[in-house]
There are 2 protein chains.
Amino acid sequence: MKADINDAMCPSRGVLEHVTSRWGVLVLVALRERSYRFSELRRHIGGVSEKMLAQTLQTLERDGFVHRDAKPVIPPRVDYSLTELGEEAAEQVEALGRWTEKRTQTVLANRDRYDEARS
Amino acid sequence: MKADINDAMCPSRGVLEHVTSRWGVLVLVALRERSYRFSELRRHIGGVSEKMLAQTLQTLERDGFVHRDAKPVIPPRVDYSLTELGEEAAEQVEALGRWTEKRTQTVLANRDRYDEARS
DNA sequence: CGGTATCCGCAACGATACTG
DNA sequence: CAGTATCGTTGCGGATACCG
């Protein structure tokens with residue numbers, strides 16, 4: 001649990017960091033289609049550790065992007081979905097994500113040219 | 001210099017990381033208004049070390065977002081500006097940035113309610 | 001099933017000193 | 001002025017073990 005001076009000077013940086021984090025992006029995009037249970041979401045995303053998924057979900061819940069619905073049953077069942085604010089956030093990152101994917105090939109080519117030029 | 005398996009599996013992740021990085025965002029937004037010299041940009045952004053600014057600019061140049069114009073004069077003078085692709089990138093991150101700032105107060109309030117609820 | 005707690009390595013970052 | 005080189009610290013993120 002941290003809160004350094006940078007967050008104090010520029011709180012929006014922290015918000016941006018949460019929604020654009022490696023797993024944050026994937027969680028928001030996944031939950032945009034439908035709600036997911038924890039393990040289900042973990043399998044859907046792929047390559048994410050329990051720890052990081054739990055941490056990401058907690059952060060997003062704390063910020064008010066994700067709603068956590070823990071049903072008191074055995075075995076436990078917890079459903080995650082987007083809040084209205086989260087829906088908005090997901091739209092934004094998905095827009096950026098679509099642009100990024102559209103331009104990725106160009107960027108990759110740029111990198112090759114750059115590396116070529118100084119080898 | 002890194003290139004792990006995640007980048008191989010999802011190259012667009014790397015691109016997203018570069019444009020949304022702490023200093024990457026600020027560089028793109030700053031260069032959108034006009035071109036800057038190195039130290040000038042450093043002062044304008046504030047709080048960024050020489051090392052990180054140089055690294056950020058190199059990364060963005062390699063990806064083809066930033067154009068580096070080094071004039072062969074003494075003392076050295078290097079101007080940085082956006083390429084067309086960089087202009088596009090800057091628009092995207094500025095849009096996300098504007099949304100983030102618009103919602104930051106809401107998020108901060110959400111965090112307080114969340115923390116309150118479990119203390 | 002859906003987490004938490006703990007340990008730990010390694011890359012990111014900042015500060016400082018130096019260079020063309 | 002515009003960087004590079006080196007060093008020391010920090011903290012993210014994975015692995016593992018355990019809990020309600």
Side-chain angles (χ1 to χ4, degrees), chain A residues 1-7 9-10 13-14 16-27 30-31 35-62 66-81 118, chain B residues 1-7 9-10 13-14 16-27 30-31 35-62 66-81 118:
Chain A
M1 294 322 176
K2 267 266 314 301
D4 67 23
I5 67 164
N6 286 311
D7 287 349
M9 291 167 55
C10 186
R13 195 357 60 187
L16 191 65
E17 211 116 77
H18 294 171
V19 302
T20 63
S21 72
R22 177 192 232 75
W23 307 118
V25 173
L26 298 175
V27 166
L31 291 182
S35 77
Y36 276 89
R37 298 182 58 180
F38 185 86
S39 296
E40 197 184 16
L41 186 55
R42 185 153 131 74
R43 281 189 301 273
H44 178 81
I45 290 179
V48 59
S49 66
E50 282 187 10
K51 180 188 167 184
M52 288 314 296
L53 183 57
Q55 195 176 104
T56 301
L57 285 168
Q58 274 178 25
T59 302
L60 294 177
E61 188 198 356
R62 188 167 99 105
V66 162
H67 175 67
R68 181 175 183 274
D69 184 18
K71 327 242 171 167
V73 296
I74 293 188
R77 177 190 176 104
V78 183
D79 288 316
Y80 291 94
S81 56
R118 58 209 68 197
Chain B
M1 296 316 181
K2 265 268 312 306
D4 66 23
I5 67 164
N6 287 310
D7 287 348
M9 292 166 57
C10 187
R13 198 348 72 184
L16 191 63
E17 213 117 76
H18 294 171
V19 301
T20 63
S21 71
R22 176 192 232 73
W23 306 119
V25 172
L26 298 175
V27 166
L31 290 182
S35 77
Y36 276 89
R37 299 181 59 178
F38 185 87
S39 297
E40 196 185 18
L41 186 55
R42 184 154 131 75
R43 280 188 301 273
H44 178 81
I45 289 179
V48 59
S49 65
E50 282 186 9
K51 180 188 166 186
M52 288 314 298
L53 183 58
Q55 194 177 104
T56 301
L57 286 168
Q58 276 177 21
T59 302
L60 294 177
E61 187 197 359
R62 189 167 98 106
V66 162
H67 174 68
R68 180 175 184 278
D69 184 17
K71 328 242 170 167
V73 297
I74 294 189
R77 177 190 177 105
V78 183
D79 287 316
Y80 291 94
S81 55
R118 57 209 68 199

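Small disclaimer: the values here were computed from a predicted structure and weren't measured.
Computed from coordinates, the B:Leu53 CG to C:dT16 C1' distance equals 17 Å when rounded to whole Å. Between the CZ atom of B:Arg118 and the C1' atom of C:dT4 there is a distance of 14 Å, rounded to whole Å. Taking atom CD of residue A:Glu40 and atom C1' of nucleotide C:dG3, one finds them 16 Å apart after rounding to whole Å. Nucleotide C:dG3 holds its P atom 9 Å from the CD atom of A:Glu61, rounded to whole Å. Taking atom CZ of residue A:Arg13 and atom C1' of nucleotide C:dC13, one finds them 14 Å apart after rounding to whole Å. Taking atom CZ of residue B:Phe38 and atom P of nucleotide C:dG20, one finds them 18 Å apart after rounding to whole Å. One atom, CZ of A:Arg42, and another, P of C:dT4, lie 14 Å apart when rounded to the nearest Å. Remark: P of D:dG3 and CE of B:Met52 are 15 Å apart, rounded to the nearest angstrom.
Under 4.0 angstrom from either OP1 or OP2 of D:dC1 there lies no side-chain N or O belonging to B:Arg37. Taking only side-chain nitrogens and oxygens, B:Ser39 comes nearer than 4.0 Å to OP1 or OP2 of D:dA2. For A:Arg68 and C:dG3, the shortest distance from a side-chain N or O to OP1 or OP2 is below 4.0 Å. The side chain of A:Tyr36 places no N or O atom within less than 4.0 Å of a non-bridging phosphate oxygen (OP1 or OP2) of C:dG2.
Residues meeting the side-chain hydrogen bond (donor to acceptor under 3.5 Å, both in side chains) test with A:His67, sequence neighbours left out: none. Annotation: side-chain hydrogen bond (donor to acceptor under 3.5 Å, both in side chains) contacts of B:Glu61 (sequence neighbours excluded): none.
Sorted by residue number, the members of residues 71-78 of chain B with any non-hydrogen atom under 4.0 Å from DNA chain D read B:Pro75, B:Pro76, B:Arg77, B:Val78.
Judged as a salt bridge (Lys or Arg N to Asp or Glu O under 4.0 Å), the pairs with a partner in residues 36-46 of chain A (not counting sequence neighbours) are, in order, A:Arg34-A:Glu40.
Between B:Leu53 and B:Val27, some side-chain heavy-atom pair lies under the 4.5 Å cut-off. For the pair B:Val48/B:Thr56, no side-chain contact is recorded, criterion being any heavy-atom separation below 4.5 Å from C-beta on. Put simply, the side chain of A:Met52 reaches to within 4.5 Å of the side chain of A:Gln55, judged on heavy atoms. At a threshold of 4.5 Å between non-hydrogen side-chain atoms, the residues A:Leu16 and A:Arg13 count as touching.
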Does B:Leu31 form a side chain to side chain contact (heavy atoms under 4.5 Å, CB included) with B:Leu60? I'd like the steps, not just the answer.
CA-CA 12 Å; B:Leu31 290 182; B:Leu60 294 177; over 6 Å; no
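Taken over five-pair windows at either terminus, the axes of the helix from C:dC1-D:dG20 to C:dG20-D:dC1 are inclined to one another by 50° (rounded to 10 degrees).
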What nitrogen or oxygen pairs link the protein and nucleotides 4-10 of chain D at under 3.5 Å?
| unit_1 | atom_1 | unit_2 | atom_2 | d |
| --- | --- | --- | --- | --- |
| D:dT4 | OP1 | B:Gln58 | NE2 | 3.2 |
| D:dT4 | OP2 | B:Gln58 | NE2 | 3.1 |

